[in-house]
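First up is the structure itself, then whatever we jot down about it.
Bear in mind that the values here come from a model prediction, so they are computed numbers and not experimental data. Within every chain, numbering begins at 1; the chains are lettered A, B, ... in the order of the sequence lines, protein sequences first and strands thereafter.
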Amino acid sequence: MSEADSVRPSDFIREIIREDLNAGKYDSRVHTRFPPEPNGYLHIGHAKSICLNFGIARDFRGLCNLRFDDTNPTKEEVEYVESIKEDVRWLGFDWEERIYYASDYFDQMYAYAVQLIREGKAYVCDLSPDEMREYRGTLTEPGKESPYRSRSVEENVDMFARMRAGEFRDGSRTLRAKIDMSSGNINMRDPVIYRILHAEHHRTGGKWCIYPMYDFAHCVSDSIERITHSICTLEFEDHRPLYDWFLRQLNVYHPQQIEFARLNLSFTVMSKRKLLRLVEGKYVNSWDDPRMPTLSGLRRRGYTPEAIRNFCDRIGVAKRDSVVDIALLEYCIREHLNKTAPRFMAVLRPLKVVITNYPDDQTEELEAVNNPEDTAMGTRKVPFSKVLYIEQEDFREDPPKQFYRLSPGREVRLRYAYYVTCTGVVKDDSTGQIKEVHCTYDPATRGGDSPDGRKVKATLHWVSAAHALEAEVRLYENLFMKPDPEDTEAGSDFISCMKPNSLEIMSSCYIEPELAGLRPGSGCQFERLGYFCIDPDSTDIKLVFNRTVTLKDTWAKIEKGQKGKG
RNA sequence: UGGGGAGUCGUCCAACGGCAGGACGGCAGACUCUGGAUCUGCUUAUAGGGGUUCGAAUCCUCUCUCCCCAGCCA
């Protein structure tokens with residue numbers, strides 16, 4: 001069985017590659033690349049591409065390069081280069097020594113451009129941007145040929161050299177391919193190959209004042225790196241004829257471009273332009289705001305590389321436009337964290353509970369399981385005493401149907417501790433608000449089991465008031481209220497769909513003392529609440545947690561249904 | 001009224017002339033010291049019309065719908 005046959009294709013691209021391999025194409029090599037432009041932060045859509053390109057290389061024992069597509073110095077910065085490298089590494093992929101920049105090939109590209117000129121396949125055009133737009137025609141009408149199209153080879157060579165020498169102002173001239181101004185494909189209507197840009201490049205500095213356009217730079221870069229399969233998104237489909245044209249005219253090594261549908265996620269936006277708008281408009285705090293679909297945002301939110309990779313495997317690869325349900329992403333992170341995250345108890349909205357029959361000054365250390373999914377993770381001690389905090393929503397003075405947590409006269413279990421029965425409440429005289437709940441405990445139920453086999457319907461999490469640490473917890477929800485944030489009335493845009501309270505800061509939460517030892521960045525579960533991780537905003541005196549994702553909440557669903565009916 | 005793509009459960013992906021399947025979601029139940037996890041069951045789809053064929057999601061044909069393209073961005 002050949003290498004190719006041992007890999008069962010799981011998408012149409014792998015299927016094409018397997019066929020190419022079986023046909024001996026490209027000397028039976030597989031070499032892909034991930035080619036980001038360093039003009040913004042990577043997002044989950046890029047993760048799909050990274051997993052695809054690096055994943056294919058892994059599956060077919062090929063190689064995958066990291067290549068920065070840095071041909072537009074006006075938009076690109078080293079800050080982005082660094083963040084992209086960090087994110088790809090964090091996701092779990094290794095480009096080894098193969099980190100490249102399109103700007104590494106500027107000399108070669110220039111030489112290729114001169115070659116095209118000498119062969120009469122490119123010309124220097126003096127049309128202004130406005131004029132060029134006019135000459136280009138429209139979607140339904142052909143364009144007109146530029147008056148500069150018939151310049152002699154000698155003049156073109158000279159003019160292009162002078163463009164490079166810096167004799168002309170930005171926008172005054174371009175180098176264009178001589179193809180077909182009447183083509184139905186607008187990309188073929190004498191596309192620009194080089195434009196004049198007197199701008200400092202983050203790598204080549206002031207060496208160049210002309211820069212190649214994407215269509216020229218990309219295919220040439222792929223060719224130089226001897227890429228076999230150049231995988232990109234659907235909007236480049238009608239650029240493929242141009243990709244092929246350049247490489248054919250140049251008569252050089254010719255990779256195959258294959259397009260797939262980019263990722264869309266419900267309740268979020270994905271384009272760099274829109275994400276930049278959220279950041280610059282201060283709708284979020286930063287590129288790594290935990291509500292952002294950026295890899296840095298997801299990382300800060302507590303998403304793991306494993307979960308994101310798994311998500312990318314599950315969504316598949318195809319050519320049809322699609323919107324993946326954000327619930328699948330949440331499923332993937334829950335699945336991973338459920339297996340790996342240590343459990344703790346934390347109370348977000350504290351309600352004081354006094355165990356009236358418990359000795360005033362007594363403290364007990366009760367044993368708690370760190371992860372019921374993985375007993376190898378061991379146990380820990382949790383302090384218990386007379387005054388505790390439980391979650392406000394775990395008590396109802398007047399419990400609705402199907403609510404089986406604590407209420408007057410009812411017995412519940414305090415996790416890993418005791419059965420307690422509510423004997424009464426203390427209210428604030430003026431507001432009528434419940435200030436504390438009084439309970440009695442059953443000493444025979446220590447650890448949480450009743451020797452007489454008595455059952456309770458609910459188990460509550462809790463912390464001991466005297467031992468708890470105070471912490472800040474940040475709760476996040478989707479940034480947008482609609483599955484498609486772009487689905488708005490005429491005259492407004494996705495910003496109008498933003499959810500007002502997508503971030504809720506709980507500043508006085510109580511957490512069990514053991515949490516002080518949690519290492520920064522690692523995730524944990526707060527029992528019955530969700531998965532959380534420590535935010536870098538934490539200080540020595542106050543921990544700050546981000547909620548990664550809630551646990552599935554059956555009661556919330558029931559209650560919502562009840563409210564819907566009532 | 002140009003060119004390039006795409007139409008399969010609510011969502012995403014399979015099925016490559018031979019019983020339309022999986023995952024997520026939803027619903028119901030079992031179990032449970034997390035109303036978590038786990039397990040079981042149910043739910044629902046080939047855009048439409050013609051044709052070829054013993055047999056069509058798949059091949060042919062006509063129609064419809066959706067997406068992308070008129071940057072000296074990528």
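- Taking the six-membered ring for Trp and the full ring otherwise, F160(A) and Y110(A) have centroids separated by under 6.0 Å.
- Between D553(A) and R528(A) there is no salt bridge, since no side-chain nitrogen of the basic residue lies less than 4.0 Å from a carboxylate oxygen of the acidic one.
- If you check every strand for non-hydrogen atoms under 4.0 Å, E141(A) touches nothing.
- Between E514(A) and K381(A), no side-chain nitrogen of the basic residue sits less than 4.0 Å from a carboxylate oxygen of the acidic one, so the salt-bridge criterion is not met.
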Check: Once each nucleotide of nucleotides 68-74 of chain B is scored for protein heavy atoms under 4.0 Å, what B/S/- sequence comes out, 5' to 3'?
Finding: SBBSBSB
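- For V369(A) against R380(A), the heavy-atom pair with the smallest separation is O-NH1, 3.4 Å.
- Nearest heavy-atom pair, Y211(A) versus H201(A), reported as atom, atom and distance to 0.1 Å: OH-CB, 3.5 Å.
- The 5' end of RNA chain B is approached more closely, in terms of each residue's nearest nucleotide, by A261(A) than by the other of A261(A) and R528(A).
- Base engagement by T140(A) is indicated by at least one non-hydrogen atom pair under 4.0 Å involving a base atom.
- Contacts of E19(A) classified as salt bridge (Lys or Arg N to Asp or Glu O under 4.0 Å), with partners at least two apart in sequence or in another chain: none.
- For E477(A), the salt bridge (Lys or Arg N to Asp or Glu O under 4.0 Å) partners are K499(A), not counting sequence neighbours.
- You'll find that the side chain of K557(A) is closest to G26(B), out of U34(B), G26(B), G35(B).
- With respect to R262(A) and D321(A), no salt bridge is recorded, no charged nitrogen being found less than 4.0 Å from a carboxylate O.
- Residue-level contact check: Y211(A) touches neither bases nor backbone, having no heavy atom under 4.0 Å from any strand.
- Not a single donor-acceptor pair under 3.5 Å links the side chain of H218(A) to the backbone N or O of D215(A).
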Distances under 3.5 Å only, N/O to N/O: pair up the protein atoms with those of nucleotides 10-12 of chain B.
from: U11(B); atom 1: O3'; to: V323(A); atom 2: O; distance (Å): 3.2
from: U11(B); atom 1: O2'; to: V323(A); atom 2: O; distance (Å): 3.0
from: C12(B); atom 1: OP1; to: V323(A); atom 2: N; distance (Å): 3.0
from: C12(B); atom 1: O2'; to: I315(A); atom 2: O; distance (Å): 2.6

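- Of the candidate nucleotides G4(B), G36(B), G25(B), G25(B) has the atom lying nearest to any side-chain atom of Y331(A).
- In summary, R14(A) and D59(A) engage in a salt bridge, as defined by a charged side-chain N under 4.0 Å from a carboxylate O.
- Of the P atoms belonging to C27(B) and A47(B), the separation is 28 Å, rounded to the nearest Å.
- A salt bridge is absent between E391(A) and R405(A); no separation between the charged side-chain nitrogens and carboxylate oxygens falls under 4.0 Å.
- Residue-to-nucleotide contacts include a donor-acceptor pair under 3.5 Å from the side chain of R405(A) to the base of G35(B).
- The aromatic ring centroids of W555(A) and F403(A) lie less than 6.0 Å from each other.
- Of the charged side-chain nitrogens involved, none lies within less than 4.0 Å of a carboxylate oxygen, so that E367(A) and R446(A) do not count as a salt-bridged pair.
- For the segment residues 365-373 of chain A, residues with any heavy atom less than 4.0 angstrom from an atom of RNA chain B are, sorted by number, P372(A), E373(A).
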Check: Given pairs defined as Watson-Crick or G-U wobble with both distances under 3.5 Å, what dot-bracket annotation applies to RNA chain B, with ( ) intrastrand, [ ] crossing, | other strand and . unpaired?
Finding: .((((((..((((....[..))))((((((.......))))))...(((((..]....))))))))))).....
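- A salt bridge is defined here as a Lys NZ or Arg NE, NH1 or NH2 lying under 4.0 Å from an Asp or Glu carboxylate O, and K457(A) with E411(A) fails to meet this definition.
- Using a 4.0 Å heavy-atom criterion, one finds that F344(A) contacts no nucleic acid atom at all.
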